[in-house]
Amino acid sequence: MTSITKERRWEPAVWERSYHKVLELGEALKNNEFMLVYQPKHNLAKNRFTGVEALLRWPRRRQGQVPIDKVIDLAERSGMIVPIGEWVIRTALKQVKLWQDNGLTIDISINVSPRQLMEEGFAAMIADVAKVTGVDPSRVEFEITERIASDPEQLLAVIGEVRAMGFRFSLDDFGTGYNSLAYLGSIPVDTLKIDQRFTRECTSSIPKAAIIKSIIQLAKSLRLQVVAEGVETKDQLQFMQEHDCQVLQGYLFSKPISAAAIETLMANQKMEQTEPEAPPSCIH
Ligand code: C2E
Ligand code: MG
Ligand code: MG
Ligand code: MG
């Protein structure tokens, strides 16, 4: 495991402005203060939850929940995302193995930042986690965003190496970067995730609806899976159903919840599905 005490490449400006917070991140990791929550993904064709997305949380006794995008942002700029991201991957895969041991097959997606992917030894670390946990790599997807990588060739090589082990990749927040199509053309991925900024307005904005429809078509013609994020209303669900978006994620189905709550949800669903007149598994 990457040592958190190992000297990281601090950027001076960030260091001066936020070194207290950066140090706190290191302490938090050492003291096991981070945790993961999991948001279910609903598969429309199967009419049930088939997977989850792992999301990082830092619950703090006095300050309450820290906004995770701020934490990730600081972690990325300071380099702390490398050890924190490794902790996320190891914890998520251990959890999948625990669910598996309890009779539940659950696909998982894990967010990884470009900084993490580009760190030397990323592929070797993934190979190690796969070996230690024994999780089937085809059940694990790494979500990447289309932020510019400093070295696209190295990025491509790393993704190739990890995909060769059987892991999958998805483009998260697809369509929000200025370079989406070029990125899609050069990076091999298995899934496109429609950003919630599009989903939110799919029934109220003609341009947003058109963008979603074309992302779904694009995914189809490239034989990629497509996931819509941030589905909150029945109208949005209906829109996605009509346009044949296969997998949906959002508060309409469930907020991110604990590993134990996922286990209960999936176990109940499994029982329902073995009964002939199982009600739809979607939670409203
Ligand atoms: P993301 O990967 O695009 O994750 C989806 C975000 O949307 C999550 O926010 C989730 O809680 C939220 N969300 C899901 N459904 C709905 C909905 O119906 N409505 C609304 N309004 N929001 C919804 P969260 O957990 O705050 O995470 C924010 C971002 O932080 C993530 O966006 C991801 O980019 C990053 N992140 C989270 N965990 C990790 C991690 O372990 N590693 C890395 N590198 N990034 C992470
Ligand atoms: Mg994501
Ligand atoms: Mg997203
Ligand atoms: Mg995002």
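All figures in this text were calculated on a predicted structure; none of them were measured in a lab. As the structure lists them, so they are numbered: ligands from 1, and atoms in each ligand from 1. Side-chain atoms are counted along with the backbone in the values below, which use heavy atoms only and exclude waters and symmetry mates. Just so you know, residue 1 is the first one in the sequence shown, and it goes up from there.
- Atom 21 (N) of ligand 1 has its nearest heavy-atom neighbour, among Lys255, Lys70, Glu229, Glu232, in Glu232.
- Of the angles at the Mg ion (ligand 2), the one spanning OD2 of Asp172 and OD1 of Asn111 is 90° when given to 10°.
- Nearest heavy-atom pair, Ile194 versus Ile215, reported as atom, atom and distance to 0.1 Å: CG1-CG2, 3.8 Å.
- Between the side chain of Arg115 and the backbone N or O of Glu76 there is at least one donor-acceptor pair closer than 3.5 Å.
- Listed by number with element, the atoms of ligand 1 under 4.0 Å from a non-hydrogen atom of Asp172 are 1 (P), 2 (O), 3 (O).
- Taking a cut-off of under 4.0 Å to the non-hydrogen atoms of Pro256, the atoms of ligand 1 that pass are 11 (O).
- Considering backbone and side-chain N/O atoms, Glu76 never comes within less than 3.5 Å of an N/O atom of ligand 1.
- Restricting Glu143 to its N/O/S atoms, the shortest distance to the Mg ion (ligand 2) is reached by OE1.
- Near Gln39, meaning under 4.0 Å from any of its heavy atoms, are these atoms of ligand 1: 14 (C), 15 (N).
- Within ligand 1, the atoms closer than 4.0 Å to a non-hydrogen atom of Val88 are 41 (O), numbered from 1 in the order shown.
- Using modelled atom types, no side-chain atom of Lys234 and backbone atom of Leu252 make a donor-acceptor pair closer than 3.5 Å.
- Ion pairing between Asp107 and Lys41 fails under the 4.0 Å rule for side-chain N and carboxylate O.
- Of all heavy-atom pairs between Thr91 and Tyr38, the closest is O-OH, 4.4 Å.
- One option in Asp73, Ile72, Thr145, Leu252 has a heavy atom closer to atom 35 (C) of ligand 1 than any other, and that option is Ile72.
- On a distance-only criterion, Arg200 and ligand 1 share no N/O pair closer than 3.5 Å.
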Before you tell me yes or no, could you show the steps for Glu53 and Asn111 under side-chain hydrogen bond (donor to acceptor under 3.5 Å, both in side chains), namely the whole-Å CA-CA distance, both residues' side-chain angles and the distance that decides it to 0.1 Å?
CA-CA 8 Å; Glu53 175 176 4; Asn111 296 283; 2.8 Å; yes
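- Checking Asp173 against the Mg ion (ligand 3), an N/O/S atom falls under the 2.8 Å cut-off.
- The shortest N or O to N or O distance between Asp69 and ligand 1 is not under 3.5 Å.
- Atom numbering of ligand 1 starts at 1 in the shown order; those under 4.0 Å from a heavy atom of Gly230 are 16 (C), 17 (C), 18 (O).
- With Gln225 contributing its side chain and Leu192 its backbone, the two residues share no donor-acceptor pair below 3.5 Å.
- Taking only nitrogen or oxygen atoms, main chain and side chain alike, Leu56 reaches within less than 3.5 Å of ligand 1.
- Of the possible donor and acceptor atoms, one in the side chain of Thr199 sits under 3.5 Å from a partner among the backbone N and O of Glu229.
- As for Glu53, its N/O/S atom nearest the Mg ion (ligand 2) is the one called OE2.
- Polar contact check, Gln249 against ligand 1: no nitrogen or oxygen pair lies under 3.5 Å apart.
- Using a 3.5 Å distance cut-off with no hydrogens or angles, the side chains of Glu143 and Ser109 do pair a donor with an acceptor.
- Note on Lys21 versus Glu24: no salt bridge recorded, every NZ/NE/NH1/NH2 to OD/OE distance being 4.0 Å or above.
- Residue-level proximity to ligand 1 for Arg57 is carried by the side chain, the only part with a heavy atom below 4.0 angstrom.
- Between the side chain of Gln236 and the backbone N or O of Arg200, at least one donor-acceptor pair lies under 3.5 Å.
- Below 4.0 Å from some heavy atom of Gly250 lie the following atoms of ligand 1, by number and element: 15 (N), 18 (O).
- Residue contacts with ligand 1, taken as heavy atom pairs separated by less than 4.0 Å, involve Asn111 via backbone and side-chain atoms alike.
- Under a 4.0 Å N-O distance rule, the pair Arg90/Glu86 qualifies as a salt bridge.
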